[in-house]
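Notes follow once the structure below has been shown.
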Amino acid sequence: METQKILTSSEAEVERRWWVTVPKVELHAHLNGSVRDSTLLELARRLGEKGRIAFSDVEHVILKGDRSCREVFKLFDLIHVLTTDHKTVTRITKEVIEDFASENVVYLELRTTPKRNDSIGMSKRSYMEAVINGLSSVTEVDIDFTPHSTDHHDPASSWNSIAVNNVDHQGSGRKKIYVRLLLSIDRRETAEAAMETVKLALEMRGLGVVGIDLSGNPSVGEWSTYLAALQFAREQGLYVTLHCGECL
Ligand SMILES: CNc1ncnc2c1ncn2[C@@H]1O[C@H](COP(=O)(O)O)[C@@H](O)[C@H]1O
């Protein structure tokens, strides 16, 4: 039987650094699941100062290591309270891309749930505009997030008013990351909201949207609610990814 060598901490650190240098493809990143702890703590502290949350109650929740499935979805609810405004969505998108690139991810499929929040004038569309603004504002690395083919480009689309900026300093020796997007349907959503997300994804194909994701707490909702939207997505040529029974 093969025995596994136990690494000393300095050997483990050498190995970790080596893995960072390896070019990688990341196919399963959730935007709000990839936010820096330091950013979450900063946002929580700010909301605490405004009296909207008790910072001391959430600090340990953010920093906790191992989490049960229930705790994971509770944490997502907290993260959404902290991040769901246009400015912060733009900020976290930029940071998440730069973090993946710094770990030598060269191709990233980033998924996120377009969210509607009438109290702050947020629609699913304006949420996604904030994401695109985040991609456009990446400065630390070169980024390619719009396919160069114009197959799905509609010159009359209102998305044209968004400043889309593929930054590419060819030959500069800078890191480069290709980013494509998936729009997620949360299992708490209605059939109508799911369909709205699919239609938004179709409009955004020229902006690097390649698919639809069904995610959210697996103990919530019925498959039949999303079926029509997912079938429509497939008929229209979008890829579909499903979370299924990862934890119960
Ligand atoms: C066992 N792992 C998982 N199973 C199911 N859904 C998950 C998940 N991990 C993340 N999400 C989904 O992604 C959202 C956070 O990112 P966005 O707000 O979309 O950017 C979570 O609220 C959940 O709906």
Side-chain angles (χ1 to χ4, degrees), residues 26-37 39-40 43-44 47 58 61-62 64-100 105 108-117 120 122-135 138 145 179-191 193-198 200-201 204 207-223 225-226 229-230 233 238-248:
E26 167 62 69
L27 298 177
H28 193 152
H30 295 265
L31 174 62
N32 279 287
S34 310
V35 185
R36 294 174 189 167
D37 282 351
T39 297
L40 292 176
L43 296 168
L47 275 197
V58 301
V61 179
I62 292 169
K64 190 168 188 236
D66 273 350
R67 294 189 183 92
S68 69
C69 194
R70 268 183 58 163
E71 287 173 327
V72 165
F73 288 100
K74 272 185 137 168
L75 176 63
F76 280 131
D77 286 342
L78 168 64
I79 292 175
H80 291 149
V81 169
L82 301 177
T83 62
T84 308
D85 64 78
H86 295 111
K87 211 170 124 206
T88 308
V89 169
T90 296
R91 171 186 172 172
I92 61 171
T93 304
K94 176 180 189 290
E95 289 181 355
V96 164
I97 303 299
E98 291 180 345
D99 287 352
F100 276 116
V105 170
L108 167 67
E109 286 187 357
L110 186 64
R111 57 194 71 201
T112 193
T113 319
K115 296 170 188 72
R116 178 177 163 184
N117 182 346
I120 55 163
M122 178 180 277
S123 61
K124 282 176 181 266
R125 169 187 284 263
S126 71
Y127 176 95
M128 287 311 302
E129 286 170 356
V131 170
I132 299 294
N133 286 337
L135 296 176
V138 167
F145 67 93
V179 180
R180 296 294 180 262
L181 297 171
L182 285 90
L183 270 52
S184 302
I185 296 166
D186 187 311
R187 295 178 63 99
R188 287 176 291 197
E189 292 188 280
T190 61
M195 190 60 94
E196 187 187 344
T197 296
V198 173
L200 188 57
M204 293 183 66
L207 290 165
V209 171
V210 291
I212 289 291
D213 167 51
L214 178 66
S215 50
N217 190 334
S219 62
V220 173
E222 298 293 331
W223 288 101
T225 309
Y226 328 106
L230 297 176
L238 286 171
Y239 293 103
V240 171
T241 67
L242 302 174
H243 286 70
C244 178
E246 279 174 51
C247 56
L248 281 174

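Since we're looking at a predicted model, the values are computed, not measured. Just so it is clear, the values below take in all heavy atoms, side chains as well, and ignore hydrogens, waters and symmetry mates. Both counts, for ligands and for their atoms, begin at 1 and track the order of listing.
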For this session: Starting from the C-alpha separation in whole Å, work towards a yes-or-no answer on side-chain hydrogen bond (donor to acceptor under 3.5 Å, both in side chains) for N117 and T84.
Result: CA-CA 8 Å; N117 182 346; T84 308; over 6 Å; no

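Ring geometry, H243 versus H28: the interplanar angle exceeds 60°, so the pair is classed perpendicular (tilted spans 30 to 60°).
N32 and T83 share a side-chain donor-acceptor pair at under 3.5 Å.
Under the side-chain hydrogen bond (donor to acceptor under 3.5 Å, both in side chains) criterion, R116 pairs with D118, sequence neighbours left out. In this structure, T90 has no side-chain hydrogen bond (donor to acceptor under 3.5 Å, both in side chains) partners at least two apart in sequence or on a different chain. Residues satisfying the side-chain hydrogen bond (donor to acceptor under 3.5 Å, both in side chains) test with D66, not counting sequence neighbours, are none.
In this structure, ligand 1 sits under 4.0 Å from heavy atoms belonging to H30, L31, N32, F73, F76, H80, T112, T113, K115, D186, S215, G216, H243, E246.
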